[in-house]
A.B. asks: 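Structure below; questions to follow.
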Amino acid sequence: MKKATKYFTGLAATTALFSLVLAGCGNKGASSTPTASVGNLKLAYDNKEAPVKDGTLNIAMVQDTPFQGIFAPVLQQDLVDQFLTEPVAGVYGTLFKTTSQFKIIDGGQANIKLNKADKTATITLHKGLKWSDGKPVTAKDLEFPYEIIANNAYQSQLYTDSLANIVGLQAFHEGKAQTISGITYPDGEDGNSIKIQFNHMTPGMWNSGSGYYLESAEPYHYLKDIKPGDLAGSKQIRQAPLSYGPYKISSVVAGQSVSYVPNPYWYGQKPKLKKIVTSVVSTSTIAAALKDKKYDIAYQMPATAYPTVKNIKDYVQTGDQSLSFYYLSYNLGHYDASKSVNVQDRKTPLQNVALRQAMGYAMNVDQVNQKFNYGLATRANTVIVPPFKDAHDSSVKGFPLDIKKANNLLDKAGFKWDAKHQYRLNTNGKPFKLVFMARSGNSNAQAVAQNYIQQWKQIGVDVVLYHDRLTDFNTWAQAMQSGTSNDWDLTIGGWADTTDPSLISLFGAGTQSNFGHFTSPEFTNILEKIDSEAAINPEVRQKAFYEMQTYMQKQAFVIPLTYTLDWYPVNKRVVGWTNENADNNTRWLNVGVTAKTPK
């Protein structure tokens, strides 16, 4: 599945900061400190040496908390599990091959044919594709992920408005039908293709990641007898998942490491490695570990390590502009699971748009990024990342630091100061306090959170940490996924955008990924314009994207914070490593090592 919705991420990679006191810090020595840019990160490492036979690749997963370890794309919600699943299910978990701009082309583990006239998609599997237990991947395995997502008993969080465009999926989701009428089997369930009937076609369907259909398979024969509520925690998902990729998982140390070996039933070229081992490494020790040559590749690196790691001998700095962005989200309502809809009904001062805007203008994001992120993060102006050049509207200003403007907004909206001129009162003249669910994840997360709390205090908004401390990632994820928590008012989330810039699966009225629960008829109408059949015309779609970004700026129901660079230090013994999107389908197939140990 190529992200039917976006995946929330940890913040360790791009918001690891040193100090609470930012305003008084000078820039002495900044000119000699290495900083990253797309220009000095290699898209690929072109190592001409020949790989050794039976090599082992060691990967560091850099974070300070255990990973969840859900090895099924259809049940995943975070980027770490997505990355851990790549050797067995492909980058982003997709069966399709794409161009560098994510247009789907033939040649992957499956091909897709879209028919505008009939409003259908036919997905056909490669005839030699097998699971790692030797069973063929079948049409039923393509259909089964839709059942998992649409049946509430499976507890998947990935049901979205975009998937509801499939004929009959909404009825199945609501328990009104036993099967999904819009998915059929041209050659039977044991065949190698499915046909999907849509209510309407959308322009993103020709790109991987549109979210209007799924792009992975799940082994029906292996999972069918597991009770739906037990699936996500089952051995078949957590410890011994099946693979249709070049590698299979051989062992898992829960939350700490995953080992992979070649899939003996892989139909294509044999992989170049005997083994891959991915291990969790803390943000505080990763630089030293790379100096000691313990790892070949590091994923989710903290920005604070860049100046040190940049100068380590025998490592190449690779990467590219990320599709990830980070944003501040306000809790404005709840998710009604029985009706699959977000309801903006929470009694909170944050329903006042002026307060939301003012809190955005109080955040010193530029200052934070310039001082501590070494070029790996820049302030975001919208939630559409710059690589989507036809959709990203650079004229929208976002929320640069402007304390005067923030105070003026609150004054005009009627948020008066209390008698001590310490904090503001709500528009009814009552004191109010907002709860910030700030996530842990690195040694500097406390400083980050306290910095923003102090910034909000400057405009008189009283903000405290959730339970007076940082929240671990898994607890945070549970609170977000429940959709009904009233214990928090604001949080910072990070998402890897899909490879199509439509945001209906993140902010749509019917998606559980809309953590802030903002809805309005106007916004729903704009999102529908973006994915309408009329928007197959690029000019129509671009106009709708621009309208969306202008509307989000005015409503400020989320505050865009940062865009990031993906950064992967790679040891010089590695061959075949690339960040090129056109190579996503074969990335792990071509990776090898030229020596028994890192250089």
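Note: hydrogens, waters and symmetry copies are ignored here, and every other heavy atom, side chains too, is used.
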A.B. asks: Using a 4.5 Å cut-off on heavy atoms from C-beta on, say whether the side chain of Thr179 contacts that of Phe172.
C.D. replies: no

A.B. asks: Quick check for you: to the nearest 0.5 Å, what is the distance between Ser440 atom OG and Asn474 atom CG?
C.D. replies: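 Going from OG on Ser440 over to CG on Asn474, the span is 9.0 Å.
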
A.B. asks: Does a side-chain heavy-atom distance below 4.5 Å link Tyr146 with Ile166?
C.D. replies: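 Heavy-atom side-chain distance check passes, below 4.5 Å.
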
A.B. asks: Which distance, rounded to the nearest 0.5 Å, do you find between the CG of Leu57 and the NZ of Lys272?
C.D. replies: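 Going from the CG atom of Leu57 to the NZ atom of Lys272 covers 13.0 Å.
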
A.B. asks: Write down the atom of Tyr295, the atom of Tyr315, and the distance for their closest heavy-atom approach.
C.D. replies: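 Nearest heavy atoms, Tyr295 then Tyr315: O-OH, 2.5 Å.
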
A.B. asks: Do Arg541 side-chain atoms and Ile536 backbone N/O form a donor-acceptor pair below 3.5 Å?
C.D. replies: no

A.B. asks: Decide, yes or no, whether a salt bridge links Arg439 with Asp472 under the criterion of side-chain N to carboxylate O below 4.0 Å.
C.D. replies: no

A.B. asks: When you compare the side chain of Tyr212 with that of Asp531, does any pair of heavy atoms fall below 4.5 Å?
C.D. replies: yes

A.B. asks: For Ala479, is there any backbone N or O sitting under 3.5 Å from a side-chain donor or acceptor partner on Trp476?
C.D. replies: no

A.B. asks: Could you check whether any side-chain N or O of His173 sits under 3.5 Å from a backbone N or O of Ala150, counting only pairs where one atom can act as donor and the other as acceptor?
C.D. replies: yes

A.B. asks: For the residue pair Trp577 and Tyr568, is the inter-centroid distance of their aromatic rings smaller than 6.0 Å?
C.D. replies: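 Here the rings of Tyr568 and Trp577 have centres that are less than 6.0 Å from each other.
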
A.B. asks: Counting N and O atoms only, with roles assigned by atom type, does the side chain of Asn192 sit under 3.5 Å from a partner on the main chain of Leu125, one being a donor and the other an acceptor?
C.D. replies: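 Side chain of Asn192 to backbone of Leu125, a donor-acceptor pair under 3.5 Å: yes, one is there.
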
A.B. asks: What do you reckon, is NZ of Lys116 surrounded by more than 12 foreign heavy atoms closer than 6.0 Å?
C.D. replies: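 Incorrect, the count does not exceed 12.
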
A.B. asks: Looking at Thr278, is its backbone amide N or carbonyl O close enough to the side chain of Ser257 to form a donor-acceptor pair, meaning the two atoms are under 3.5 Å apart?
C.D. replies: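 It does not hold such a pair.
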
A.B. asks: Please test Trp495 against Ser324 for side chain to side chain donor-acceptor pair (under 3.5 Å), starting from the C-alpha separation and ending with a verdict.
C.D. replies: CA-CA 5 Å; Trp495 291 81; Ser324 299; over 6 Å; no

A.B. asks: Indicate whether any N or O donor in one side chain lies under 3.5 Å from an N or O acceptor in the other, for Asp141 and His221.
C.D. replies: no

A.B. asks: Answer yes or no for Lys130 and Tyr265: cation-pi contact, defined as NZ/CZ to six-membered ring centre under 6.0 Å and angle to ring axis within 45°.
C.D. replies: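 No - Lys130 does not lie over the ring of Tyr265 by the 6.0 Å and 45° rule.
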
A.B. asks: I would like to know whether Thr283 and Asp64 meet side chain to side chain donor-acceptor pair (under 3.5 Å); could you show each step before the answer?
C.D. replies: CA-CA 6 Å; Thr283 56; Asp64 294 326; 2.7 Å; yes

A.B. asks: Counting only heavy atoms not in Lys293, do more than 12 sit closer than 6.0 Å to its NZ atom?
C.D. replies: yes

A.B. asks: Please list, chain by chain and in numerical order, all residues satisfying side chain to side chain donor-acceptor pair (under 3.5 Å) with Thr65, sequence neighbours excluded.
C.D. replies: none

A.B. asks: Examine the side chains of Ser208 and Glu215 and answer whether a donor and an acceptor come within less than 3.5 Å of each other.
C.D. replies: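 Yes, a side-chain donor-acceptor pair sits under 3.5 Å.
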
A.B. asks: Determine whether the side chains of Gln76 and Thr85 contain a donor N or O and an acceptor N or O closer than 3.5 Å.
C.D. replies: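 Yes - a donor-acceptor pair under 3.5 Å links their side chains.
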
A.B. asks: Counting the benzene-type ring for Trp, do Tyr222 and Trp131 have ring centres under 6.0 Å apart?
C.D. replies: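 No - the distance between ring centres of Tyr222 and Trp131 does not fall below the 6.0 Å cut-off.
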
A.B. asks: Are any of the side-chain heavy atoms of Ile196 and Thr120 separated by less than 4.5 Å?
C.D. replies: no

A.B. asks: Which label fits Phe198 and Tyr213: parallel for a plane angle under 30°, tilted from 30 to 60°, or perpendicular past 60°?
C.D. replies: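 The arrangement is tilted - the two ring planes meet at 30° to 60°.
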
A.B. asks: Could you tell me how the ring of Tyr299 sits relative to the ring of Phe83: parallel (under 30°), tilted (30 to 60°) or perpendicular (over 60°)?
C.D. replies: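 The rings of Tyr299 and Phe83 lie parallel, inter-plane angle below 30°.
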
A.B. asks: The test is side chain to side chain contact (heavy atoms under 4.5 Å, CB included); show your working for Lys119 and Gln197 and say whether it passes.
C.D. replies: CA-CA 6 Å; Lys119 300 180 182 179; Gln197 183 73 54; 3.8 Å; yes

A.B. asks: Do Asn47 and Lys572 come within less than 4.5 Å of each other through their side chains, counting heavy atoms only?
C.D. replies: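 No - every pair of side-chain heavy atoms lies 4.5 Å or more apart.
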
A.B. asks: Would you find a donor on one side and an acceptor on the other, under 3.5 Å apart, between the side chain of Asn263 and the backbone of Gly245?
C.D. replies: yes

A.B. asks: Closest heavy-atom contact between Leu75 and Ala232?
C.D. replies: CD1-CA, 3.9 Å

A.B. asks: Please check this pair: side chain of Asn581 against backbone of Gln101, looking for a donor-acceptor N/O pair closer than 3.5 Å.
C.D. replies: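 Not a single qualifying donor-acceptor pair exists.
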
A.B. asks: So does Lys599 have more than 12 non-hydrogen atoms from other groups sitting under 6.0 Å from NZ?
C.D. replies: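 Yes.
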
A.B. asks: Does the side chain of Gln109 come within less than 4.5 Å of Phe96's, by heavy atoms?
C.D. replies: no

A.B. asks: If you compare all heavy atoms of Pro501 against all heavy atoms of Ile384, which two are closest, and at what distance to 0.1 Å?
C.D. replies: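 Scanning both residues completely, I find the closest heavy atoms to be O-CD1, 3.7 Å.
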
A.B. asks: Where do Asn342 and Gln512 land on the side chain to side chain contact (heavy atoms under 4.5 Å, CB included) test, with the steps shown first?
C.D. replies: CA-CA 8 Å; Asn342 287 282; Gln512 280 186 268; over 6 Å; no

A.B. asks: Please assess Asp296 against Arg573 for the test salt bridge (Lys or Arg N to Asp or Glu O under 4.0 Å), listing each intermediate value before the final yes or no.
C.D. replies: CA-CA 8 Å; Asp296 295 294; Arg573 78 161 179 153; 2.6 Å; yes

A.B. asks: May I ask you to decide whether Lys140 forms a salt bridge with Glu218, counting only side-chain N to carboxylate O separations under 4.0 Å?
C.D. replies: no

A.B. asks: What are the two closest non-hydrogen atoms of Ile180 and Gly168, and how far apart are they?
C.D. replies: CG2-C, 4.2 Å

A.B. asks: Can any side-chain N or O of Ser243 pair as donor or acceptor with the backbone N or O of Ser132 at less than 3.5 Å?
C.D. replies: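 Judged by distance alone, no pair lies under 3.5 Å.
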
A.B. asks: Say whether, by atom type as modelled, one donor and one acceptor occur between the side chain of Asp78 and the main chain of Asp81 under 3.5 angstrom.
C.D. replies: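 Confirmed, Asp78 side chain pairs with Asp81 backbone.
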
A.B. asks: Kindly say whether the aromatic ring centers of Phe325 and Tyr327 come within a distance under 6.0 Å.
C.D. replies: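 Yes, ring centres under 6.0 Å apart.
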
A.B. asks: Judged by atom type as modelled, is there a donor-acceptor pair below 3.5 Å linking the side chain of Ser156 to the main-chain atoms of Val74?
C.D. replies: yes

A.B. asks: What distance do Leu43 atom CG and Asp583 atom CG have between them, rounded to the nearest 0.5 Å?
C.D. replies: 8.5 Å

A.B. asks: Tell me yes or no: between the side chains of His200 and Asn165, is some donor less than 3.5 Å from an acceptor?
C.D. replies: yes

A.B. asks: Enter the distance from Asp230:CG to Gln236:CD here, rounded to the nearest 0.5 Å.
C.D. replies: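 Between Asp230 CG and Gln236 CD, I get 10.0 Å after rounding to 0.5 Å.
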
A.B. asks: For side chain to side chain contact (heavy atoms under 4.5 Å, CB included), just list the numbers for Tyr185 and Ile194, CA-CA rounded to whole Å, side-chain angles, deciding distance to a tenth of an Å, and then say yes or no.
C.D. replies: CA-CA 5 Å; Tyr185 308 93; Ile194 61 171; 4.0 Å; yes

A.B. asks: Please work out which of the three classes, parallel, tilted or perpendicular, describes the rings of Phe102 and Phe388, given edges at 30° and 60°.
C.D. replies: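 Because their plane-to-plane angle lies in the 30° to 60° range, the rings of Phe388 and Phe102 count as tilted.
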
A.B. asks: What's the shortest heavy-atom distance between Ile286 and Ala60, and which atoms?
C.D. replies: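 Nearest pair, atom of Ile286 first, then Ala60: CD1-CB, 3.7 Å.
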
A.B. asks: Given the rule in the side chain to side chain contact (heavy atoms under 4.5 Å, CB included) test, do Trp588 and Ile276 qualify, once you have shown the distances and angles that lead to the verdict?
C.D. replies: CA-CA 10 Å; Trp588 295 104; Ile276 301 172; 4.1 Å; yes

A.B. asks: How many angstroms lie between atom CD of Glu86 and atom OG1 of Thr94, to the nearest 0.5 angstrom?
C.D. replies: 11.5 Å

A.B. asks: Find the distance between OH (Tyr260) and CD1 (Ile249) and round it off to the nearest 0.5 Å.
C.D. replies: 5.0 Å

A.B. asks: At their closest point, which heavy atom of Ala582 faces which heavy atom of Ser100, and how far apart are they?
C.D. replies: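 Heavy-atom minimum between the residues: CB-N, 3.7 Å.
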
A.B. asks: Quick check: do Leu565 and Asp320 have side-chain heavy atoms less than 4.5 Å from each other?
C.D. replies: no

A.B. asks: Can you confirm whether Ile504 sits close enough to Thr511 that some side-chain heavy atom of one is under 4.5 Å from a side-chain heavy atom of the other?
C.D. replies: no

